[in-house]
Colleague: 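I am attaching a structure below and will ask some questions about it afterwards.
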Amino acid sequence: ASPPMTLLFRSPERIPVDSGVQKVLVAEAVLVAQLLPTWEEISRPEEFSLEASKSATAARLLRHDEFFRLKCSLVTSLLQQGWELRYAGFAESAMMIHQNLDALTRETIRVRFPNLDDATKEGLLSEQLEVLTASWAAVPRAVKEQQPEQLRRLFRHDVELVAMHDAVDTAYKAWTEKTCDEKTIVEMPATLQRFVERLRPPYAVEALSSAWILRAWFTPEHQHEYELVQRVISRFTEIYENTEQYWIRKLDGAASRMEKTQEQLERALESADMRVALIPSDTAEEELLRIQKLLCPETLVLKADLSLGEGKDAQLIPAGLKLMRRGQVSDFFKPEVDNVELSRRLMELAAGADLRLLFGGDGYNEARKQAAEAIGELGAIIRVVKTAASAFPDVAAQCQELLDKHHKGELRAVTQENKLRIQIQEKEAEEMVRTANIRLMLAEGQKKAAEEKLREAEQERVLAESAKQESQQRADQWWENLQVMAKEKEMLETEKGRLESEKLQWTQVQSLMELEKSELQGDIQKAKEERKRLEHAAEKWHHTLQTVKAQAEEKEAHLKEIQAILQKQQEEAAAKSSAAEEPSQFTVTQLMSVLSKAFSADPGPAAPPSAVASAPAAPTSPVSPSPVSPVRVSAPEVEDASRAPPSSTMKMLTRLYSTYSAAPGPTVQG
């Protein structure tokens with residue numbers, strides 16, 4: 001059959017005891033002490049008779065709901081409340097409680113419980129030590145100073161003091177076995193911790209000093225007992241001092257490693273070589289692919305130099321620098337993503353705005369890791385020492401100093417991290433400013449180029465407006481010429497068809513010019529792209545203008561010859577008025593020669609009207625083109641002129657001269 005199982009149910013909240021009940025218990029402390037369970041009731045010897053239930057019974061002794069633990073808890077509470085409420089008047093009741101507690105020494109436990117294991121025996125001693133040290137701490141100082149006989153009855157040389165000695169000696173030896181390793185700090189067990197807090201060495205001048213016990217037993221009639229008590233107190237003092245020295249020794253130099261690592265961290269931060277790689281969004285995929293090929297997947301270290309950008313925007317990141325998990329990299333990839341996966345997924349950063357990747361040496365990361373470990377170790381030491389500091393004033397002062405250093409170390413680490421963050425931000429800002437300056441310079445250059453283009457376009461617009469006005473003037477002049485030629489329709493009937501044809505052509509040219517004029521206004525914005533074509537057209541037009549100018553000069557020479565002939569004929573007509581009816585063969589012959597030259601075939605081809613409308617006036621050309629339409633005189637008219645009398649010939653020449661002079665020709669500027 002399996003052994004019986006006991007289930008323990010406790011309320012999650014501790015219910016406070018009413019103060020009235022506490023006062024009643026303290027008033028009836030003697031009666032309560034007499035009702036405390038004895039060791040016979042606690043041990044229940046009938047359960048130890050069965051060999052199979054020995055281990056279960058031994059474990060049940062230290063359970064919270066068993067008589068022993070309840071007895072210890074009740075005695076501790078009763079002693080603390082009794083001394084607090086009744087002060088020195090509680091001495092007799094406290095003595096009865098101590099007697100009924102019946103503390104056992106190591107030897108008496110071995111005799112009473114021969115089958116218990118060592119762990120259970122140590123547990124019993126520890127529980128008794130907890131009660132007795134609490135009792136010593138609760139005894140008022142006045143009782144310790146003025147009632148030594150009561151102190152002797154409370155802490156008997158062969159019962160309470162020996163039980164305390166056995167318990168603390170066992171706990172101390174078990175703890176010292178664990179403290180052999182100098183590199184680790186072992187926290188004191190709770191029993192030893194509360195012992196050194198509640199019972200101080202004899203040289204300590206305070207209420208918890210064990211000097212009061214020595215003084216109580218230092219009487220002539222208790223000389224033998226005093227020697228036993230002195231040995232016990234000496235052991236207490238030795239344990240206290242050894243424990244204190246252990247903690248002092250552990251605290252010496254505990255902060256030196258943290259300070260050393262933080263100095264190394266500062267040096268690493270000062271000498272850190274950090275580079276910021278700015279990658280535009282439009283070339284992010286291409287640049288990230290190059291970076292991915294150059295990175296070592298395990299360490300994220302560049303295997304070769306990385307070149308980014310061109311010209312003034314060029315950047316060189318030397319090999320050996322590591323891609324740091326900061327900025328956009330840390331925002332996109334979580335800390336649990338390892339280096340290999342980060343290297344594999346690096347292309348995912350391409351979706352977004354411009355990238356700023358930080359590259360730096362790994363020295364700072366190593367120094368930061370060591371500094372963090374040192375701060376963590378010091379924090380662990382302080383957490384362990386804090387409990388011991390409440391018992392040792394020297395350790396408490398040293399612990400407080402270490403606590404201040406630890407706090408300063410944490411602040412220093414945060415400061416270093418902030419400095420690194422500021423340094424990174426400054427690097428990023430420098431790169432951004434540098435890139436912004438480069439882009440600003442480019443933008444200013446583009447602005448100047450745009451302004452130059454705008455100025456050129458404005459000049460071309462002005463020239464186009466001037467050409468438009470000139471074209472309009474030429475059109476008006478041509479219209480007037482047409483009106484004159486219409487009046488002379490009867491005289492120039494043979495020329496009607498040709499003139500009407502030319503009129504139709506000119507009307508078409510005019511409409512084309514009007515159309516091109518409207519297109520020119522729309523093409524002002526595209527003037528830069530049309531510049532090369534316009535320059536080529538201007539060269540051709542310049543050549544045409546030179547040709548027209550030469551022809552105009554030739555015709556002007558012919559006009560002068562005609563004018564000279566007319567003047568000569570007039571002079572001769574005036575001089576020889578009597579012989580005016582006789583024909584002058586010489587003059588008519590010369591006139592026919594001159595007229596044949598002047599009214600010869602059309603000169604070389606003129607530039608097409610589209611070229612005139614679209615090409616701006618070249619700054620280097622002094623001639624503004626005008627369409628030339630030569631005046632044709634038919635051969636019969638010349639023959640009639642040769643056969644006509646001189647007066648008729650003069651009239652016809654005068655009319656032809658006026659008509660020829662009125663015909664539009666090339667306009668020479670400058």
Side-chain angles (χ1 to χ4, degrees), residues 10-11 13-37 64 67-103 126-156 159-161 163-164 167-168 190-202 204-217 233 236 240 387 389-393 396:
R10 292 195 301 175
S11 173
E13 297 181 359
R14 185 181 296 274
I15 301 175
V17 180
D18 185 74
S19 59
V21 176
Q22 292 179 352
K23 292 179 181 180
V24 172
L25 287 176
V26 169
E28 302 295 337
V30 176
L31 179 60
V32 174
Q34 294 174 355
L35 296 176
L36 291 175
H64 290 279
F67 282 158
F68 177 68
R69 296 293 295 275
L70 293 174
K71 176 182 178 180
C72 292
S73 177
L74 179 60
V75 168
T76 302
S77 177
L78 197 58
L79 288 172
Q80 291 174 342
Q81 295 296 327
W83 287 115
E84 182 180 355
L85 294 175
R86 297 183 60 190
Y87 204 64
F90 189 70
E92 290 297 331
S93 301
M95 183 191 64
M96 290 297 299
I97 293 173
H98 271 243
Q99 289 179 355
N100 286 275
L101 175 63
D102 192 14
S126 297
E127 290 295 328
Q128 290 184 152
L129 180 64
E130 188 76 19
V131 176
L132 295 175
T133 53
S135 175
W136 169 254
V139 176
R141 181 167 182 168
V143 176
K144 295 176 182 178
E145 290 180 355
Q146 301 171 9
Q147 299 181 13
E149 66 282 357
Q150 297 292 346
L151 206 58
R152 288 196 299 270
R153 296 169 64 185
L154 288 172
F155 295 94
R156 292 167 285 183
V159 182
E160 284 83 5
L161 292 178
M164 293 170 66
V168 72
T191 303
L192 182 59
Q193 172 69 30
R194 283 187 284 273
F195 172 78
V196 295
E197 288 178 0
R198 295 170 178 173
L199 188 64
R200 301 298 174 85
V205 184
E206 55 177 304
L208 299 178
S209 175
S210 57
W212 305 114
I213 299 177
L214 289 175
R215 182 181 176 184
W217 286 98
I233 298 301
F236 289 169
Y240 183 92
T387 56
S390 60
F392 308 108

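Positions are given from 1 along the sequence.
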Colleague: To the nearest 0.5 Å, what is the distance between CZ on Arg198 and OG on Ser210?
Modeller: 16.0 Å
Colleague: Any donor-acceptor pair under 3.5 Å linking the side chain of Thr133 with the backbone of Leu129?
Modeller: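 Between the backbone of Leu129 and the side chain of Thr133 there is a qualifying donor-acceptor contact (under 3.5 Å).
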Colleague: Side chains of residues 137-150: which donor-acceptor partners sit under 3.5 Å, not counting sequence neighbours?
Modeller:
from	atom 1	to	atom 2	distance (Å)
Arg141	NE	Glu145	OE2	2.8
Lys144	NZ	Trp136	O	3.1
Lys144	NZ	Ala207	O	2.6
Gln150	NE2	Glu92	OE2	3.2

Colleague: Step by step, work out the side chain to side chain contact (heavy atoms under 4.5 Å, CB included) result for Ile97 and Leu79.
Modeller: CA-CA 8 Å; Ile97 293 173; Leu79 288 172; 4.0 Å; yes
Colleague: If you define the side chain from C-beta out and look only at heavy atoms, does anything of Arg152 sit under 4.5 Å from Met95?
Modeller: no
Colleague: Could you tell me if the side chain of Val196 sits less than 4.5 Å from the side chain of Phe236, heavy atoms only?
Modeller: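 A side-chain contact under 4.5 Å is absent here.
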Colleague: Please identify each residue that fulfils side chain to side chain donor-acceptor pair (under 3.5 Å) with Arg200, with sequence neighbours left out.
Modeller: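 For Arg200 the side chain to side chain donor-acceptor pair (under 3.5 Å) partners, ignoring immediate neighbours, are Glu206.
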Colleague: Can you list everything that forms a side chain to side chain contact (heavy atoms under 4.5 Å, CB included) with Ala103? Sequence neighbours excluded, please.
Modeller: Gln128, Leu132, Val159, Ala163
Colleague: Does Pro202 offer a backbone N or O that forms a donor-acceptor pair with the side chain of Ser209 under 3.5 Å?
Modeller: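 Side chain of Ser209 to backbone of Pro202, a donor-acceptor pair under 3.5 Å: yes, one is there.
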Colleague: Test Leu199 against Leu208 for side chain to side chain contact (heavy atoms under 4.5 Å, CB included), laying out the working first.
Modeller: CA-CA 5 Å; Leu199 188 64; Leu208 299 178; over 6 Å; no
Colleague: Can you tell me how far NZ of Lys23 sits from CG of Leu85, rounded to the nearest 0.5 angstrom?
Modeller: 7.0 Å
Colleague: Tell me, with the steps shown, if Phe195 and Tyr240 meet side chain to side chain contact (heavy atoms under 4.5 Å, CB included).
Modeller: CA-CA 9 Å; Phe195 172 78; Tyr240 183 92; 5.8 Å; no
Colleague: Excluding sequence neighbours, so at least two apart, what forms side chain to side chain contact (heavy atoms under 4.5 Å, CB included) with Glu84?
Modeller: Gln81
Colleague: Who pairs with Thr76 by side chain to side chain donor-acceptor pair (under 3.5 Å), at least two apart in sequence or on another chain?
Modeller: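 Thr76 satisfies side chain to side chain donor-acceptor pair (under 3.5 Å) with no other residue.
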Colleague: Go through the structure and list residues passing ring pair (Phe, Tyr, Trp, His ring centres under 6.0 Å) with Trp83, not counting sequence neighbours.
Modeller: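 Trp83: ring pair (Phe, Tyr, Trp, His ring centres under 6.0 Å) contacts with Phe90.
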Colleague: Can you name the residues that form a side chain to side chain contact (heavy atoms under 4.5 Å, CB included) with Val30, not counting sequence neighbours?
Modeller: Gln34, Ser93, Met96
Colleague: Nearest 0.5 Å, what's the CZ-CG distance between Arg153 and Leu151?
Modeller: 11.5 Å
Colleague: Who pairs with Arg86 by side chain to side chain donor-acceptor pair (under 3.5 Å), at least two apart in sequence or on another chain?
Modeller: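 Here no residue qualifies.
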Colleague: Tell me whether Glu28 contacts the main-chain N or O of Val24 through its side chain, where contact means a donor paired with an acceptor under 3.5 Å.
Modeller: no
Colleague: Only counting residues at least two apart or in another chain, list the ones meeting side chain to side chain donor-acceptor pair (under 3.5 Å) with Arg194.
Modeller: Glu130
Colleague: Under the rule for side chain to side chain contact (heavy atoms under 4.5 Å, CB included), what residues qualify as partners of Leu36, not counting sequence neighbours?
Modeller: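 Side chain to side chain contact (heavy atoms under 4.5 Å, CB included) check on Leu36 returns Lys71, Leu74, Val75, Asn100.
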